[in-house]
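Numbered from 1 within each chain, the chains take letters A, B, ... in sequence-line order. The structure displayed is predicted, hence computed values, not measured ones.
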Amino acid sequence: MPELPEVETVCRGLALKLLGRRLVHVEQRRANLRFPFPADFASRLAGRRVEAIRRRAKYIVIDLDDGQILLVHLGMSGSMVVNEKRPALLDRHDHVVFDIDDGTCVRFNDARRFGMMDLVAAADFAGHKLIRGLGLEPLDPAFDGKALAAMLKGRKTAVKLAIMDQRLVVGVGNIYASEALHRAGISPKRQAGTVQGERAAKLAAAIKQVLKDAIKAGGSSLRDYVQANGELGYFQHRWKVYDREGEPCRICGGPIRRLTQGGRSTFYCPTDQR
DNA sequence: CGGCGGTCCTGTCAGC
DNA sequence: TGCTGACAGGACCGCC
């Protein structure tokens, strides 16, 4: 899925198009994504004005004028596509279509359907099942070496799995986990609890930096990601290690290695990461 | 509580 | 060209 920088980019793109606008019509085109849609989903959204759009972890959080919040997760393959007009032909994976009061059209497209949408009263948001257990935002100043060391302390799992654990720190997915560990010079296999002190400070800084760089670049993307503004031409990031198995490390020139952790691919340089 | 494996679903690509 | 299996950005859930 889009990781934190991609979700941030989608939020910013959606805000440009939707802030202050009304949803004149919403079409829900199937009964469920990852979860069933809430009851009367489309009718509860029709006529609502968008007051704010923000991000929490990898969730898009849309405040509406009646005190409801539309919660959206893009899953692995979800995207928001904005068009000036509603297209004559929809894609088979366009699951929700929003018609906006200025005539534009926003479609939620998600081939794998690991994404989700829910409607929640603003007062119940913090206690929402999917929100309440989330960890620290990595770009929050409170997320620093000390905070990271405290959350990793005593953990026997590999550090790569730990920094992808949304209960500890949010928004770091499979790509940026590998990238941040390479930047920090830490092996993805290292036991999480041993990342303390200077190492933790370095890793926290590296996580912040890889995320910031990607946000600055407009969000990086892979093949089925479409920016919120609907433009194709998506950004090709030059990863340092991700998806570069066998290619030369940009630091030492040695081959990048791949391994499997928690069922997912990890990429790293065995020379520079310890 | 921590840690691990299974699971949801479709699309794409490498290899035969 | 067609088939098959592996793999793809997530994360919840149940089990030990």
So what does the secondary structure string of DNA chain B come out as, 5' to 3', with Watson-Crick or wobble pairs under 3.5 angstrom, [ ] for crossing and | for pairs with another strand? .|||||||.|||||||

What interatomic distance, in whole Å, is found between P of C:dC3 and the corresponding atom of B:dC9? 24 Å

Have a look at A:Arg258 and say if it touches a base, only the backbone sugar-phosphate, or nothing, with a 4.0 Å heavy-atom cut-off. sugar-phosphate

Under 4.0 Å between a Lys/Arg side-chain N and an Asp/Glu carboxylate O for A:Asp66 and A:Arg44? no

N/O donor-acceptor pairs under 3.5 Å from side chains in residues 102-110 of chain A, not counting sequence neighbours:
unit_1   : atom_1 : unit_2   : atom_2 : d
A:Asp102 : OD1    : A:Thr104 : N      : 3.0
A:Asp102 : OD1    : A:Thr104 : OG1    : 2.8
A:Arg107 : NH1    : A:Asp94  : OD2    : 2.8
A:Arg107 : NH2    : A:Asn83  : OD1    : 2.8
A:Asn109 : ND2    : A:Asp91  : OD2    : 3.2
A:Asn109 : ND2    : A:Asp94  : OD1    : 2.7
A:Asp110 : OD1    : A:Ser77  : OG     : 2.6
A:Asp110 : OD1    : A:Gly78  : N      : 3.4
A:Asp110 : OD1    : A:Arg112 : N      : 3.4
A:Asp110 : OD1    : A:Arg113 : N      : 3.2
A:Asp110 : OD2    : A:Phe114 : N      : 3.4
A:Asp110 : OD2    : A:Gly115 : N      : 2.9

How long is the line joining CD of A:Gln191 and C1' of B:dC4, in whole Å? 15 Å

side-chain hydrogen bond (donor to acceptor under 3.5 Å, both in side chains) partners for A:Arg183, two or more places apart: none

Using modelled atom types only, decide if a donor and an acceptor are shared between the side chain of A:Gln166 and the backbone of A:Ala57 within a distance under 3.5 Å. no

Rounded to the nearest Å, what distance is computed from the OH atom of residue A:Tyr176 to the P atom of nucleotide C:dA11? 14 Å

Between B:dT10, C:dC7, C:dG10, spot the one nearest the side chain of A:Arg112, thanks. B:dT10

Taking side-chain hydrogen bond (donor to acceptor under 3.5 Å, both in side chains) as the test, write out the residues that go with A:Thr271, two or more places apart. none

Please tabulate, one pair per line, all N/O donor-acceptor pairs under 3.5 Å involving side-chain atoms of residues 121-128 of chain A, not counting sequence neighbours.
unit_1   : atom_1 : unit_2   : atom_2 : d
A:His128 : ND1    : A:Leu130 : N      : 3.0
A:His128 : NE2    : A:Asp118 : OD2    : 2.8

Can you tell me how far P of B:dT10 sits from CZ of A:Arg30, to the nearest Å? 8 Å

Given C:dA11, is OP1 or OP2 found less than 4.0 Å from the side-chain N or O atoms of A:His73? yes

Apply side chain to side chain contact (heavy atoms under 4.5 Å, CB included) to A:Glu8 and list each qualifying residue two or more places apart in sequence or on a separate chain. A:Arg12, A:Arg55, A:Ile215

Interface residues of residues 142-164 of chain A with DNA chain B (non-hydrogen, below 4.0 angstrom): A:Arg155, A:Lys156, A:Thr157

Would you kindly give the CG-to-P distance between A:Asp165 and B:dG3, to the nearest whole Å? 9 Å

I need the CG-C1' distance between A:Asn32 and B:dC8, as an integer number of Å. 10 Å

Taking only nitrogen or oxygen atoms into account, show me every contact under 3.5 Å that the protein makes with nucleotides 12-16 of chain C, one pair per line with its distance.
unit_1 : atom_1 : unit_2   : atom_2 : d
C:dC12 : O4'    : A:Arg34  : NH2    : 2.8
C:dC13 : OP1    : A:Lys129 : NZ     : 2.3

I'd like to check the side chain to side chain contact (heavy atoms under 4.5 Å, CB included) partners of A:Asp144; sequence neighbours left out, ordered by chain and number. A:Lys146, A:Ala147

Quick check: closest heavy atoms across A:Ile256 and A:Arg244, and the distance to 0.1 Å? CB-O, 3.3 Å

Ring-base stacking, A:Phe114 with C:dG10 (5.5 Å, 30° cut-offs): yes

Other members of the hydrophobic cluster containing A:Val97, with the 4.5 Å side-chain heavy-atom rule, please. A:Leu90

In whole Å, I'd like the distance from the CZ atom of A:Arg92 to the C1' atom of B:dC9. 11 Å

Between atom CD1 in A:Ile175 and atom P in C:dG10, what is the gap in whole Å? 7 Å

Nearest-angstrom distance from the residue atom CG of A:Leu71 to P of C:dA11: 12 Å

Identify, with sequence neighbours excluded, every residue that meets side chain to side chain contact (heavy atoms under 4.5 Å, CB included) alongside A:Ala200. A:Ala149, A:Val195

Less than 4.0 angstrom between a side-chain N/O of A:His93 and OP1 or OP2 of B:dG11, yes or no? yes

Tell me, which pairs form a ring pair (Phe, Tyr, Trp, His ring centres under 6.0 Å) where one or both residues lie in residues 246-274 of chain A, sequence neighbours left out? A:Tyr242-A:Phe267

